[in-house]
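Reviewing the structure listed below.
When reading the values below, keep in mind they use all heavy atoms of this one structure, side chains included, and skip hydrogens, waters and symmetry mates. Just so you know, these numbers come straight off a predicted model, no measurement behind them.
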Amino acid sequence: MTLIEGGQDEPRSDAEGALLRETQAMRDSASVIKPLMSVLGVCMVSPTIVIGCILIWYSTRVPESCNTPLRDIFLSLGITYLVIVLLTGLVIVFMGHAFVDFTVRMQIVERFKRDGLEAEAKSEEEAGQKEIITSAFHSCPLMCGILIAGAVVSCLWIFGMVSAAKVKGHSCGNAVEVFWVLFVIFFVFQCIGQSFAKYPMPLTFPQSTGSP
């Protein structure tokens, strides 16, 4: 028995047609989940967007009389955070969508194997592996950019702590207090993000209850 993916040859039996409809339903469900993953990605990075905008805005509020480069540190941190958000969003598009497709294909592979369709299962598995490898390759420059930007952020926070400690009197207004408050907020978000990362959400796709 040979199963042809949707839109080509007609299935040669009711059982084969039922299997084709089941696998097509799984593929269709992936097209629904992909936009939801994009929305989830935006929600995940939205705190970083807020922090980045606040940092850029507050850089304009630091008095010129400030004896340390806190103004430049605020501005640089804000810009770097927004760059991280942009790169992360692109990675979510490439890898998130590829992961959904790969998960669907692997579930279809298991479905084919249960019906003894080894050739179709092998073809589906190879296609899934090729897609995920291609997406990972395209995402490598973006992920390298995120790592570099993350290192820059860490250096800027350290430089900011040193600069805040060197402020003389009130020459920087409330910049020192704001810096430490934002640092604590950033640290808390990082801890929360690490906690969520330990519990990945499994993806499941609808399958028909009746097996041919």
Side-chain angles (χ1 to χ4, degrees), residues 32-100 132 134-203:
V32 175
I33 292 176
K34 287 178 184 179
L36 296 179
M37 285 196 66
S38 298
V39 173
L40 178 62
V42 171
C43 293
M44 291 173 60
V45 300
S46 56
T48 307
I49 296 175
V50 173
I51 290 178
C53 292
I54 290 175
L55 286 164
I56 292 174
W57 168 79
Y58 193 76
S59 69
T60 64
R61 313 295 294 179
V62 178
E64 294 183 2
S65 60
C66 184
N67 68 302
T68 63
L70 276 179
R71 172 196 293 267
D72 295 333
I73 292 171
F74 279 120
L75 179 60
S76 299
L77 278 170
I79 293 174
T80 308
Y81 273 126
L82 294 183
V83 170
I84 291 176
V85 168
L86 175 61
L87 296 176
T88 302
L90 293 174
V91 169
I92 290 173
V93 170
F94 280 115
M95 290 303 299
H97 292 185
F99 176 72
V100 171
I132 199 73
T134 300
S135 297
F137 178 77
H138 290 161
S139 298
C140 276
L142 300 174
M143 289 187 284
C144 289
I146 292 173
L147 291 175
I148 294 172
V152 171
V153 164
S154 299
C155 292
L156 286 171
W157 279 117
I158 294 172
F159 186 35
M161 287 187 282
V162 174
S163 298
K166 291 182 177 180
V167 170
K168 296 179 180 179
H170 297 283
S171 62
C172 298
N174 296 323
V176 175
E177 291 80 0
V178 172
F179 174 85
W180 288 115
V181 169
L182 291 176
F183 176 78
V184 171
I185 293 174
F186 163 78
F187 182 78
V188 170
F189 277 139
Q190 285 291 101
C191 293
I192 293 174
Q194 291 295 326
S195 299
F196 277 114
K198 295 179 181 179
Y199 304 99
M201 182 188 305
L203 290 178

Please round to the nearest 0.5 Å and tell me the distance separating atom OG1 of Thr68 and atom NZ of Lys166. 9.0 Å
How far apart are the closest heavy atoms of Ser171 and Ser65, and which atoms are they? O-OG, 2.9 Å
Whether Asn67 side chain and Val167 backbone form a donor-acceptor pair below 3.5 Å: no
Just how far is it from atom OG1 of Thr60 to atom CZ of Phe74, taken to the nearest 0.5 Å? 11.0 Å
Please output the side-chain donor-acceptor pairs of residues 141-164 that fall under 3.5 Å, not counting sequence neighbours, one pair per line with the distance.
| residue | atom | partner | partner atom | Å |
| --- | --- | --- | --- | --- |
| Ser154 | OG | Gly150 | O | 3.1 |
| Trp157 | NE1 | Tyr81 | OH | 2.8 |
| Ser163 | OG | Phe159 | O | 2.9 |

Looking at Val62 and Arg71, what are the two nearest heavy atoms and their distance? O-NH2, 2.5 Å
With a 3.5 Å cut-off and sequence neighbours excluded, list the donor-acceptor pairs that the side chains of residues 174-189 form with protein atoms.
none

Side-chain donor-acceptor contacts of residues 83-92 below 3.5 Å, not counting sequence neighbours, with atom names and distances?
| residue | atom | partner | partner atom | Å |
| --- | --- | --- | --- | --- |
| Thr88 | OG1 | Ile84 | O | 2.7 |

Among Leu82, Leu75, Leu77, find the one that has a side-chain contact (heavy atoms from CB on, under 4.5 Å) with Ile79. Leu75
Is any side-chain heavy atom of Leu55 closer than 4.5 Å to one of Ile73? no
Return the minimal non-hydrogen interatomic distance between Thr80 and Ser76, and the atom names on each side. OG1-O, 2.7 Å
